[in-house]
Q: 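Attaching a single structure in structure tokens format; questions to follow.
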2 protein chains.
Amino acid sequence: MNVMNESPRRKELTRQAAQLFVQEGFDRTTVRMLAQEMGIKSGSLFHHFRDKQEILAAVIEEGTQNALVMAREALARCDSSADARLHAMARAHLETLLTDRNAHVVALYEWRRLDSEARAHLSHLRDAYEELWEQVIDEALAEGLIHGDRFLVSRFVMGALNWTVRWYDPAGPRTPDDLADELVAMITRRPA
Amino acid sequence: MNVMNESPRRKELTRQAAQLFVQEGFDRTTVRMLAQEMGIKSGSLFHHFRDKQEILAAVIEEGTQNALVMAREALARCDSSADARLHAMARAHLETLLTDRNAHVVALYEWRRLDSEARAHLSHLRDAYEELWEQVIDEALAEGLIHGDRFLVSRFVMGALNWTVRWYDPAGPRTPDDLADELVAMITRRPA
DNA sequence: CGTTTACACTAGCGCTTGCTTGGTTGACCC
DNA sequence: GGGTCAACCAAGCAAGCGCTAGTGTAAACG
């Protein structure tokens, strides 16, 4: 059994699972459906994953890990002005939400299906990501770019961004960067 | 079979179902669990609802209907300034999200589990509600209270508000009105 | 060469699922 | 006081569920 390992095969299977989880939801996706999508029989699936739960955990871990890396890189790439960093975070957030859409939708919608140990492990990843946000929000508050409670503002911002998976159409006229800019413009107060 | 009818009994059962749907998720909630919560046997459940799907539809319809009524009343109650109406909508939104929490969480999380006909029917209700928001946003834009794209702004605002069900703790120090005021303050631009 | 390892298969166990069927009960109605 | 009807129950069916056991096979390894 390949549990704990990070073989490329397993990664590919995880990617395919993510798509099915988005289409059908975790509970409605049977191991037989997963196996068929992967081109194998249902029994073979348990060579790669201990159980169905572990597939879910793998999907969510992938997505969250990527988001964290992308956000850190984006922050490292831009200058230190609060405005630039705010834009960078918003853009990175929407960028991952789009390119890694399946994994993120699963993370947002099926989090509650994780068993307690998987949840404990993944909570740390998610918290690390959210701390990045609060940090950037803090900087923007310190510069007077925005006002309000750091906790509430960061929650509102992440809510607005995460909600985009419900309505954003990548085929439409707006790019993720458009959305990011518009959101930042909405919450930053420039003299009228 | 009581299909289509709105007996008080059915309403009570719907309320109880909502709670279980929140706790366990729709797919994991079995008809046997629902029946036990309601104090009846699983077979009897199908006297009140055609099938499990219909229970879900009933829960969501209840919640959305209430939200629509509450929002309309709140708007009717306040004066016509864009600022007042914006506050009223935000407060009403969070108020229903809190008092009718179960139904709304179900509506937000389990929408995709609805079959196509139920979804078609309920979409109209939801659209009517969202139109209220866009209307109020339009007024705020016209008064120069906020700036940006009406579509994007209303989506961002609803995202920020709906996301609260994930983190808001009613036992904490903040009231729903606090949240509403903070959000409106965040998006309205007052001269610095 | 023989052994191990990764990956897949077949077959099916034990259990749960949503839902149906046929029947009982007690309150109300003319 | 027979008829009606909403509400409920006991019993169970057919289908589907996650997962396991045991086996086959081809490539990689020492």
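Please read these numbers as outputs of a predicted model, since none were measured by experiment. Proteins come first, then strands; the chains are lettered A, B, ... in the order of their sequence lines, and each starts at number 1.
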Q: When the distance from CG of Leu56(B) to P of dG18(C) is rounded to whole Å, what number comes out?
A: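 It is 13 Å, rounded to the nearest whole Å.
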
Q: When the distance from NE2 of His48(A) to P of dA8(C) is rounded to whole Å, what number comes out?
A: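 So the two atoms are 4 Å apart, to the nearest Å.
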
Q: Any N or O donor-acceptor pair under 3.5 Å from the base of dG18(C) to the side chain of Arg32(B)?
A: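 Indeed there is one.
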
Q: Tell me, please, whether Phe26(B) has Lys52(B) positioned over its six-membered ring: NZ or CZ under 6.0 Å from the ring centre and within 45 degrees of its axis?
A: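 Yes, a cation-pi geometry.
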
Q: Rounded to whole Å, please give me the gap between NZ in Lys52(B) and P in dT17(C).
A: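 Distance, rounded to whole Å: 9 Å.
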
Q: Does dC9(D) have OP1 or OP2 sitting under 4.0 Å from an N or O in the side chain of Ser44(B)?
A: yes

Q: Parallel, tilted or perpendicular: which one describes the rings of Tyr109(A) and Tyr109(B), with boundaries at 30° and 60°?
A: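 Judged by the thresholds at 30° and 60°, the geometry between Tyr109(A) and Tyr109(B) is perpendicular.
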
Q: Would you indicate, yes or no, if dA8(C) has its OP1 or OP2 atom less than 4.0 angstrom from a side-chain nitrogen or oxygen of His47(A)?
A: no

Q: Atom CD1 of Ile40(A) and atom C1' of dG24(D): how far apart are they, to the nearest Å?
A: 16 Å

Q: Does dC19(C) have its OP1 or OP2 closer than 4.0 Å to a side-chain nitrogen or oxygen of Arg50(B)?
A: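 Looking at the OP1 and OP2 atoms of dC19(C), neither is under 4.0 Å from any side-chain N or O of Arg50(B).
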
Q: Of Gly43(A) and Thr30(A), whose closest DNA chain D nucleotide lies nearer the 5' terminus?
A: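 Here Thr30(A) is the residue nearer the 5' end.
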
Q: Check the distance between dT17(C)'s C1' and Phe26(B)'s CZ and give it to me in whole angstrom.
A: 12 Å

Q: Rounded off to whole Å, could you give me the CE-to-C1' distance for the Met33(A) and dG18(D) pair?
A: 14 Å

Q: Scan Glu24(B), Glu110(B), Gln19(B), Glu37(B) and name whichever one has a side-chain contact (heavy atoms from CB on, under 4.5 Å) with Thr29(B).
A: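 That would be Glu24(B); it is the only one of Glu24(B), Glu110(B), Gln19(B), Glu37(B) passing the side-chain contact (heavy atoms from CB on, under 4.5 Å) with Thr29(B).
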
Q: Any salt bridge linking Arg91(A) with Asp181(A)? Criterion: basic side-chain nitrogen under 4.0 Å from a carboxylate oxygen.
A: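 Judged by the 4.0 Å cut-off on N to carboxylate O distance, Arg91(A) and Asp181(A) do form a salt bridge.
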
Q: Give the rounded distance in Å between these two atoms: CD of Gln53(B) and C1' of dC19(C).
A: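 Spelled out: CD on Gln53(B) to C1' on dC19(C) is 14 Å.
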
Q: Does a side-chain N or O of Arg28(B) approach OP1 or OP2 of dT17(C) to a distance below 4.0 Å, or not?
A: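 No.
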
Q: Please state how far atom CZ in Phe46(B) lies from atom C1' in dC13(D), giving the value in whole angstrom units.
A: 14 Å

Q: Can you find a pair of side-chain heavy atoms, one from Glu182(B) and one from Asp149(A), that are under 4.5 Å apart?
A: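 Touching, per the 4.5 Å side-chain cut-off.
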
